[in-house]
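Structure first, then comments.
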Amino acid sequence: MRYACLLLRSLALDVFTRACAPDDARPFVVSSGGHYPRVVAANGVARVAGIRRGQLISAALALAPHVTLRDRDLGAEEAALGDVAARLLAFTPNASLVPPDAVVAEVARSARLFGGVPKLAEQLGAQARSLGYDVVTAVAPTPTAALLLARAGREGCFVDADTLASALAPLPLASLDLDADAIATLAAAGVATLGEAARLPRAGLARRFGAHVVDTLDRALGRIADPRVPYRPPPRFERKLALPAPVESVDALRFAVRRVVDDLASWLLARGLGVLRVTLSLVHERYLRERGVAPTVASFALAAPAREAAHLDTVLRERLARIVLPAPVESIVLASDDTTPLASRNLGLLPGDDAASATVPLVERLRSRLGDEAVITLGTHDEHRPELAGIEIAPRPGMQAAACDASGMRPPRPLWLLDEPRALGDAFAAKPWVLRDGPERIESGWWDGRDCRRDYFVAESAHGKIVWIYRDHRYGTDDGEWFMHGLFA
Amino acid sequence: MLFVAHTSAAIGICALPFVNPALAQLLSHPAIWRGNDCAPEPSSIATGFAELDRALPGGGWPRGALTEVALEREGIGELRLTLPALARLQAEGRSVVFVSPPYRPYAPALAAAGLDLSRLVVVRSVTGSDALWAYEQALRAPECGAAFAWTATHDERVLRRLQVAARDGRTWAVLWRRPEQRAGAQAAPLRLALAPSAGRLAVRVVKRRGVELARPIVLDLAHAPGAPLYPLPEGRLTMKRTSPAMPTSRRGLAHRKAS
């Protein structure tokens, strides 16, 4: 067995800064909140200004007055771990969360598909970095050992069963979750590393510092079982991404939207789903929220279940471009409203094989810009009244047109139908019309208030137009009004 | 090689006076165009009307080119003219897009005429730049085989753009317009004008990649799919009823109410 541990070492900071483009050079500090807020994490620009972890926020503000401050968001950090694990599930059969800041993935079983364990571990790290997280990756035969190595900052460290004990030996005791007193006591006794601790009598170590110290050492060295709860992505996706600074233009949101779309794509892949409807809410600043400014919501239905991040991003970008922001946006929330199981797609054998399926379907591009109502397909409905026999339906994948009766004995129906029958008035009497076919009596609908009693004719106008006209007998008379209802185009 | 075979077949149709195969092969080069026949069309779709096929370069509607059709008024059989080709394109698995049609495309009639409704996309209630954008997207989409637009754009640059989009997407693009909108040089390589002619449809080829046609082609669309199929030009009109009769009890009620 091989386990790769991905330690998200600046998670508290990354959950905020991943929403802005990498070239954004603003000092950014995450504070612990509370009465005496302290610096939990600071980005590179802030560190250059002299801000350090553990400083009081007031001190940090004195060093860099324009620093952007955010309270630590533990919920977002937990969700971020889930997102990383969901992304890793595309590469490994099993990933589990190690709160507060690490993910452990089992890599031996799928290593062959990705060119060996080291290459796979490298790829896992690259995936987490592509999501915007700074990670340390370490591989070891046990999850605990991998975690300890990652905590010690051994980036790219690859340990197998033979070298495990010697690799763990130099690690400082601080990487075990011991309280400060225990570490101080052990240090006074001359025990500073895991190797030294492992050499101590086990019974005494357990009695003085608790059984968990011995257990952790045993788990790391593979002496006792180290079971992990496999991560299962939640049944519904809803992800909030707080922006580092309020955004006033839609253009500036694109990068953040791409981030949440990436998260959505990895969630969909991990659950084997395709999304049919997504909702993107743009949450405005708090003072506006309190004044009742509702979030700007862009809801979007896809014609076919989709999973590709690039596809979803294209569609949402088109929709975003049409939005006018009423107020600055503080955070964005992407939620999956409607999903359906979607089988995996085989990749093309030759380059270019899967080019066609990678593009966004036309119907979706049209609907994303013009709105769902503007793009329709047609359907038929079993109904005598002509205006109700043709219906408009939203395009759906794999839609089958209703089988049509192909026998020749069908009354004539026009290719163009007028939305509202147009009264012919005197035009009918004034011009020479030739009645070519009819009358066809259509009498129906007395039960729903849209009563119709009409005699339809196919008529040819003096201009050579062939139209579908009727005489309205709704009121029981024999000399009703003439209407035009369609054109035999 | 396939291409050469195709064009020499086209020359065979044109009935050249000589049959020297070497010369025929040389003349079939796409860069050579002779004044008395039509330029080879790389790909076309048969219209379903033999007379019209003979008049169009490549023997059918051009795929990957803009076709402008001018018509005085709707309802003279203009859609019936295109239906066989649309059905053929749909049978190939490609879809048909209507952008801002002037009326509601009536599903029962279209289905009866052989169109696959699930492969027909209608974009409506859009105007101006949105309609043109939608049209261009449709032209460029690989899944779209034919795109019809009813817009009144005169802008030469827009038309060139659409022509390029149609060429790139290999889409049969039809732009429907009024006759007075035709003016000056136009990007569309094929332009037709439709007019009714004694119960039939006269198709005048205004512009094609070939020698000018003096006379319009008159097509009988009475038996084309989508036609009303009226059987009795002189006979007496007899009442037909396609809906069920109203219940007699209600009739009685209505009379009582009226009286």
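Sequence lines set the chain letters: A, B, ... in the order given, protein chains first and strands last, and positions in each chain run from 1. Any value given below was found using the heavy atoms of this structure, including those in side chains, with hydrogens, waters and symmetry copies removed.
Atom CD of residue B:Q137 and atom CG of residue A:L366 lie 6.5 Å apart, to the nearest 0.5 angstrom. Taking CG of A:L378 as the reference point, atom CG of B:D116 lies at 11.0 Å (rounded to 0.5 Å).
B:D130 has a carboxylate O that lies under 4.0 Å from a charged side-chain N of A:R322, or vice versa, which qualifies the two as a salt bridge.
Residues forming a side chain to side chain contact (heavy atoms under 4.5 Å, CB included) with A:S461 (at least two apart in sequence, or on another chain): A:W433, A:H463, A:K465.
Between A:W416 and B:W176, the ring centre distance reaches or exceeds 6.0 Å.
Contact of A:V467 with chain B is not made at all, since no heavy-atom distance falls under 4.5 Å. The part of A:L370 that comes within reach of chain B is its side chain, from C-beta onward, which places non-hydrogen atoms under 4.5 angstrom from that chain. Only the side chain of B:L83 comes within less than 4.5 Å of a heavy atom in chain A; its backbone stays farther off. In this structure, chain A has a heavy atom under 4.5 Å from the side chain of B:V126, while its backbone stays farther away.
Per-residue heavy-atom pair counts under 4.5 Å with chain B were compared for A:V375, A:L417, A:I391, and the maximum is reached by A:L417. Ranked by heavy-atom pairs under 4.5 Å with chain A, the first of B:C144, B:A198, B:A138, B:S197 is B:A138. Options A:A374, A:G464, A:G371 differ in how many heavy-atom pairs under 4.5 Å they form with chain B, and the most are formed by A:A374.
Contact detail for A:G390 and B:A107: the closest heavy-atom pair is CA-CB, 4.1 Å. Contact between B:A111 and A:T380 at its shortest, heavy atoms only, is CB-CG2, 4.5 Å. Taking all atoms of both residues into account, the shortest heavy-atom contact from A:E373 to B:R124 is O-NH2, 2.9 Å. Nearest heavy atoms, A:G379 versus B:L117: CA-CD1, 4.1 Å. Contact record, B:G75 with A:L487: CA-CD2, 3.7 Å, taken as the closest heavy-atom pair.
Residue pairs meeting the ring pair (Phe, Tyr, Trp, His ring centres under 6.0 Å) criterion with at least one partner in residues 104-137 of chain B, sequence neighbours excluded, do not occur; the list is empty. For residues 74-84 of chain B, the pairs satisfying side chain to side chain donor-acceptor pair (under 3.5 Å) are B:E74-B:R178, with sequence neighbours left out.
The neighbour count for B:D155 CG, taken as heavy atoms of other residues, nucleotides or ligands under 6.0 Å away, is above 12. Atom CZ of A:R450 sits in a sparse spot, with 12 or fewer heavy atoms from other residues, nucleotides or ligands closer than 6.0 Å. Under a cut-off of 6.0 angstrom, the local environment of CZ in A:R254 is crowded, with over 12 non-hydrogen atoms contributed by other residues, nucleotides or ligands.
B:E143 places no side-chain N or O within 3.5 Å of a backbone atom of A:P361 that could act as its donor or acceptor partner.
At a heavy-atom separation below 4.5 angstrom, chain A is approached by B:V97, B:F98 within residues 85-100 of chain B.
Under the 4.5 Å side-chain criterion, counting only non-hydrogen atoms from C-beta, B:L120 is not in contact with A:T377.
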